[in-house]
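The block underneath contains the structure these notes are about, expressed in structure tokens.
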Number of protein chains: 2
Amino acid sequence: MTNYPEASRILVAIDCIIFGFDGKDIKLLLIKRNFEPEMGKWSLMGGFVNKDEDLSDGATRILYNLTGLKNIYVEQLATFGKAGRDPGERTVSVVFFALIKIDEHDSEAVKSHHAAWIALEDRPRLIFDHEQMVVQAIEHLKYNAALHPIGFELLPERFTIPQLQKLYEAIYNIPIDRRNFSRKLLSTGLLIDTGDKNSHSATKKAILYKLDEEKYKAKFHSFWNFMPDSMRRSD
Amino acid sequence: MTNYPEASRILVAIDCIIFGFDGKDIKLLLIKRNFEPEMGKWSLMGGFVNKDEDLSDGATRILYNLTGLKNIYVEQLATFGKAGRDPGERTVSVVFFALIKIDEHDSEAVKSHHAAWIALEDRPRLIFDHEQMVVQAIEHLKYNAALHPIGFELLPERFTIPQLQKLYEAIYNIPIDRRNFSRKLLSTGLLIDTGDKNSHSATKKAILYKLDEEKYKAKFHSFWNFMPDSMRRSD
DNA sequence: TCAAAAGTGTTCTGTATACACCCATGG
DNA sequence: CCATGGGTGTATACAGAACACTTTTGA
């Protein structure tokens with residue numbers, strides 16, 4: 001055992017960027033603080049790291065408290081550590097990036113935390129440097145959804161290709177050609193036809209697919225560009 | 001001003017993964033510790049965050065101390081925060097990823113820190129979770145060098161295309177076709193012919209290029225794959 | 001003058017794109 | 001029966017991969 005007596009100890013917080021998709025807009029799960037500091041203002045969901053708690057466990061704990069969900073797609077995004085970012089006391093915040101299936105969340109838990117789903121464009125002013133965190137998370141989403149099949153994490157277990165297309169159109173704010181999108185998706189081999197079709201449609205019902213979990217895991221890291229094409233598919 | 005009296009304060013460290021390229025191998029700058037804890041063992045260069053010091057400033061400071069360089073390519077890689085990762089005391093480490101031009105570093109400073117450039121394959125056992133950090137950094141290098149033109153950061157100001165090719169072959173451990181690589185590189189428009197040629201060559205001398213800084217900055221974030229090609233070139 | 005490395009060119013093939021057509025559904 | 005949205009097909013352009021040839025250099 002060694003001690004580091006001269007070094008300074010700092011508060012370590014965790015903040016979570018939680019994305020959802022309601023079929024039309026990308027949304028963020030934000031809380032209206034009913035506690036100090038900055039009571040009454042909007043912020044990301046967060047908390048301090050417990051003594052003897054792994055960072056990733058802290059993120060899981062905080063996400064579970066707010067959403068009631070355990071198996072969430074979570075990545076560490078970045079750590080924000082400007083000296084004056086929290087005016088109260090020096091605090092370093094490790095920010096986690098989460099994608100959830102919006103229909104599965106526990107709306108009671110959300111309500112009790114004074115949280116709300118808010119479309120990206122409608123997001124309010126946030127405390128501290130939380131806006132910067134959100135901006136970086138949106139960049140991350142755009143970047144990674146183009147390279148890895150993470151979009152599925154925002155959709156229900158069973159989904160249609162048109163749903164997936166609307167998701168990508170929302171992420172990138174561009175129109176996508178229906179037919180090419182469909183072919184590209186199917187060519188990945190990641191989709192399994194469930195045999196069922198979408199009910200609740202005023203027109204032709206779309207095929208419900210589910211993700212091929214095996215291939216999803218195997219292919220997760222398989223999109224490249226600059227290097228020889230052999231790299232894209234391998235790994 | 002608000003205080004968070006009940007929350008626990010934690011030591012926050014910074015560790016730096018420093019990559020270099022000697023024309024043949026990708027190397028890491030590691031230190032043989034002549035201080036406690038873990039004296040005599042190999043580790044990454046690091047240190048604690050100073051009170052009132054931004055995280056990124058801390059990284060810059062540590063990198064400057066070891067290399068004597070100020071304008072280094074640095075990115076935040078990730079934060080390692082398992083509860084028991086440092087047996088001495090709970091410590092969270094923010095890891096930075098740095099690429100340097102190996103010929104420009106201050107070898108005196110390196111010597112005085114008992115540091116050494118070690119090829120990736122020859123790296124020794126490292127303390128704590130530093131090996132994990134290195135593995136993640138190598139992944140990051142492979143991933144990002146394929147998508148963004150960061151390879152240049154590892155080469156001298158003026159470099160030849162064959163040099164660049166050797167770098168990529170070292171990163172990916174694969175042979176690359178000379179002719180296709182050259183055309184692909186030149187087609188990016190990022191290279192400027194300096195007019196000079198490589199001396200010290202037993203055969204035909206290669207053209208020395210330098211980076212077009214303007215275009216480099218403008219195009220840095222411009223490689224995509226999954227989305228429509230319009231996204232690849234824009235942004 | 002020759003081996004080794006650097007530079008330039010050509011062909012082929014796969015993938016992305018743009019666009020046309022047909023099918024199912026409920027009002 | 002028709003407007004709307006979903007599924008399938010085809011021609012074209014472009015970029016990557018494979019491979020041949022020429023040029024330069026110093027020993």
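All chains are named by letter (A, B, ...) in the order of the sequence lines, taking the proteins before the strands, and each is independently numbered beginning at 1. Atom set for the values below is all heavy atoms of this structure, side chains included, hydrogens, waters and symmetry mates excluded.
One can find a donor-acceptor pair under 3.5 Å joining the base of C:dA20 and the side-chain atoms of A:Arg179.
The distance from atom CG of A:Leu185 to atom P of D:dG6 is 14 Å, rounded to the nearest whole Å. The CG-C1' distance, from A:Leu186 to C:dT15, rounds to 16 Å in whole Å. D:dG5 atom C1' lies 16 Å from atom CZ of A:Phe181, rounded to whole Å. Nucleotide C:dG9 holds its C1' atom 11 Å from the CG atom of B:Asn180, rounded to whole Å. A:Asp177 has its CG atom 15 Å from the P atom of D:dT8, to the nearest Å. Distance B:Ile176 CD1 to C:dA6 P: 14 Å, rounded to the nearest Å. Here the P atom of nucleotide C:dC21 and the CZ atom of A:Arg178 are 14 Å apart, to the nearest Å. Straight-line distance from the NZ atom of A:Lys205 to the P atom of C:dG27: 10 Å, rounded to whole Å.
Using a 4.0 Å heavy-atom distance criterion, A:Thr160 is classed as making no nucleic acid contact. When heavy atoms are screened at a 4.0 angstrom cut-off, B:Ile161 is found touching no nucleic acid atom at all. Nucleic acid contact class of A:Ala202 (heavy atoms, under 4.0 Å, all strands): base. Using a 4.0 Å heavy-atom criterion, one finds that A:Ser182 contacts no nucleic acid atom at all.
By the 30° and 60° cut-offs, the orientation of the rings of A:His105 relative to A:Trp117 is perpendicular.
In the set C:dA6, C:dG9, D:dT10, C:dA6 carries the atom at the smallest distance from any side-chain atom of B:Ala206. Out of D:dC19, D:dG16, D:dG7, the shortest distance to the side chain of B:Lys184 is found at D:dG16.
Residue A:Lys204 places none of its side-chain N or O atoms closer than 4.0 Å to OP1 or OP2 of C:dG26.
Electrostatic pairing of B:Arg158 and B:Asp196 counts as a salt bridge here, judged by a charged N lying under 4.0 Å from a carboxylate O.
B:Ser93 and B:Asp15 are linked by a side-chain donor-acceptor pair at a separation below 3.5 angstrom, with hydrogens and angles left out of the test.
Between B:Leu208 and A:Lys197, the residue anchored nearer the 5' end of DNA chain C, judged by the nucleotide with its closest heavy atom, is B:Leu208.
Taking the six-membered ring wherever Trp is involved, the centroid distance between the rings of B:His148 and B:Tyr73 does not fall below 6.0 Å.
Of the residues listed (A:Ile102, A:Leu120, A:Leu29, A:Ile100), the one engaging A:Phe19 in a side chain to side chain contact (heavy atoms under 4.5 Å, CB included) is A:Leu120, and it is the only one.
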